[in-house]
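Working notes for the structure below.
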Amino acid sequence: MTFRNLGLSTELLRAVANQGYTEPTPIQQQAIPAILQGQDVFASAQTGTGKTAGFTLPLLQLLSTTNPNRGYRTPRALILTPTRELAAQVSDSVQTYGKYLTLRSAVVYGGVGIKPQIQALRRGVDILVATPGRLLDHLGQKTLDLSEIEILVLDECDRMLDMGFIHDIRKILAKLPPSRQTLMFSATFSKAIQKLANTLLKSPTLIEVASRNTAAEQVEQVVHPVDHERKRELLSHMIGFHNWQQVLVFTRTKHGANRLAEQLAKDGLKTTAIHGNKSQAARTRALQEFKKGKVRVLVATDVASRGLDIEMLPHVVNFELPDVPEDYVHRIGRTGRAGNVGRAVSLVCSDEYPLLKNIERLLNQTLAKDVIPGYEPTSIAQPGAAQPKRQRSKQGRSNRAKSQTQSTPKNTHKPTKAGTRPRKRLHTA
Ligand code: AMP
């Protein structure tokens, strides 16, 4: 299978060749022809599958071949993303793949001045990439007209809903013409996502692909049981011992990210934190420095990390497990990309075992446990031990302390090699 077989124009084939892609990824093989035929699409695909090119390439082709000589340019395609970083990345992809076309694009997101965005919109755009909040600001100020949208893309829908954007999305939808092509991408299929899809999509083509970075294939996962208060020390030890040069570390809170970054810096490791409280400029700078290798450790919260495209990242560390098991999948999706094997390490203390259990249930896989000599947990609870029922709802981030366990081990845990069992929900063949 080649990009040429998918029916892409020479301009797009040239742009793809410039990127060095030789073969379309599974999602591209399925999504590109369906989108070119004008169908709605409902695709389950994580970051790392090549989904961005999967929708951007056919979108560019459709816009460049239909109705190309319109007058004043109100946007014809709208791509909504949950975060600023993802919006910026998608916008970069639009530019990269549209390099040999004359279509214009713009990106609007919060945290930066609105004036340059208004000016860009005034100059006229064909493709607009946006986060929901800032898009609504523009609609409110009447600096944007969405009445000519032909194609709507909802990227990382599950995260948009997790972040509470559903009302914003509905407000935006009300401004769009009903006759349009709609493409929905989501890493997970929750009931809320299905409901949204039912209201938005007309006879969609369903696409589910095995991610190139599925845990089973590309990411070695290991859990290191350790006491809570020794996690930082163990992390520094591992980075130094294995001489890891580029590590993405996840914490649950902004405060935790800052504190850990400071402590690691004191250990002599060049570290930066990115989270929602940092300005857009600071987040972009931190990411660039990390990508260039100027910063060795990037500490991030889930929201800040969403959609980050960091190629060939060899190590992801869960300094704390996420409350929402799907976030674990998103986190480890940062490694093992583009066919490279990555390693996802989780430092897990006793009160996190219920979270670990939920993650293992979602993965349908028991993660290998490996106690590092010298960092043996002193707590009596062990992974695999019976846990009290969790009190918390899926989103109940603040109640973590309630799920602490005092139980004694029942089962002797036998480590299972990661990726040896079938996984649920994350892929189909
Ligand atoms: P995405 O899932 O869209 O975030 O893409 C993940 C990464 O895969 C990006 O760095 C893309 O540049 C890269 N990529 C996309 N399509 C291909 C392809 N056909 N071959 C190789 N790499 C690709």
Side-chain angles (χ1 to χ4, degrees), residues 1-9 12-33 35-36 41 43-61 79-99 105 107 127 129 153-160 183-188 207-215 217-219 246 248 287-288 290-292 300 304-314 316 329-342 426-427:
M1 175 65 78
T2 62
F3 280 100
R4 195 174 292 279
N5 299 144
L6 296 175
L8 294 173
S9 65
L12 292 169
L13 291 173
R14 239 174 107 194
V16 163
N18 283 355
Q19 291 305 106
Y21 306 161
T22 49
E23 208 190 326
T25 64
I27 191 151
Q28 291 163 0
Q29 292 179 23
Q30 295 182 58
I32 293 173
I35 298 170
L36 286 178
V41 162
S44 126
Q46 292 169 240
T47 310
T49 53
K51 67 180 168 66
T52 315
F55 64 76
T56 306
L57 289 167
L59 179 148
L60 288 165
Q61 173 133 334
I79 305 172
L80 284 180
T81 73
T83 63
R84 302 158 185 180
E85 281 82 6
L86 187 61
Q89 277 170 26
V90 170
S91 167
D92 287 349
S93 295
V94 170
Q95 304 261 346
T96 304
Y97 303 131
K99 194 168 157 193
S105 67
V107 57
I127 301 151
V129 186
V153 183
L154 296 170
D155 195 13
E156 307 208 346
C157 269
D158 48 346
R159 181 47 59 121
M160 285 204 270
L183 318 173
M184 270 180 73
F185 289 79
S186 183
T188 51
I207 301 175
E208 276 189 280
V209 291
S211 165
R212 284 190 300 165
N213 55 27
T214 53
E217 290 162 27
Q218 302 288 0
V219 183
Q246 203 182 31
L248 179 60
L287 183 60
Q288 275 165 358
F290 182 62
K291 280 184 172 181
K292 282 187 197 147
S305 79
R306 185 68 179 162
L308 293 187
D309 179 20
I310 306 163
E311 283 193 67
M312 300 197 296
L313 187 61
V316 165
V329 177
H330 293 306
R331 287 178 177 190
I332 70 166
R334 309 291 121 213
T335 183
R337 313 193 80 191
N340 297 284
V341 175
L426 306 176
H427 65 95

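We count ligands from 1, going down the list as the structure has it; atoms in each ligand are counted the same way.
Here the shortest heavy-atom pairing between Leu13 and Leu8 reads CD1-O, 3.6 Å. Closest approach of Ala300 to Leu248, counting heavy atoms only: CB-CD1, 4.1 Å.
Considering backbone and side-chain atoms alike, Thr22 places every N or O at 3.5 Å or more from each N or O of ligand 1. The distance criterion of under 3.5 Å between nitrogen or oxygen atoms is not met by Phe3 with respect to ligand 1. For the pair Tyr21 and ligand 1, the shortest N or O to N or O distance falls below 3.5 Å.
The Lys51 neighbourhood of ligand 1 comprises atoms 1 (P), 2 (O), 3 (O), with distances under 4.0 Å to a heavy atom of that residue. Those atoms of ligand 1 with a heavy atom of Thr52 less than 4.0 angstrom away are 1 (P), 3 (O), 4 (O). Residue Thr25 has at least one heavy-atom neighbour below 4.0 Å for each of these atoms of ligand 1: 17 (C), 18 (C), 19 (N).
Between the side chain of Gln61 and the backbone N or O of Ile32 there is no donor-acceptor pair closer than 3.5 Å.
Counting heavy atoms only, Gln28 comes closest to atom 15 (C) of ligand 1 of the residues Gln29, Gln28, Glu23, Glu156.
Taking OG1 of Thr25 as the start and CE of Met1 as the end, the distance is 11.0 Å to the nearest 0.5 Å. The CD atom of Gln95 sits 11.5 Å away from the OG1 atom of Thr56 when rounded to the nearest 0.5 Å.
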Stepwise side chain to side chain contact (heavy atoms under 4.5 Å, CB included) test for Phe55 and Val41: CA-CA 10 Å; Phe55 64 76; Val41 162; over 6 Å; no
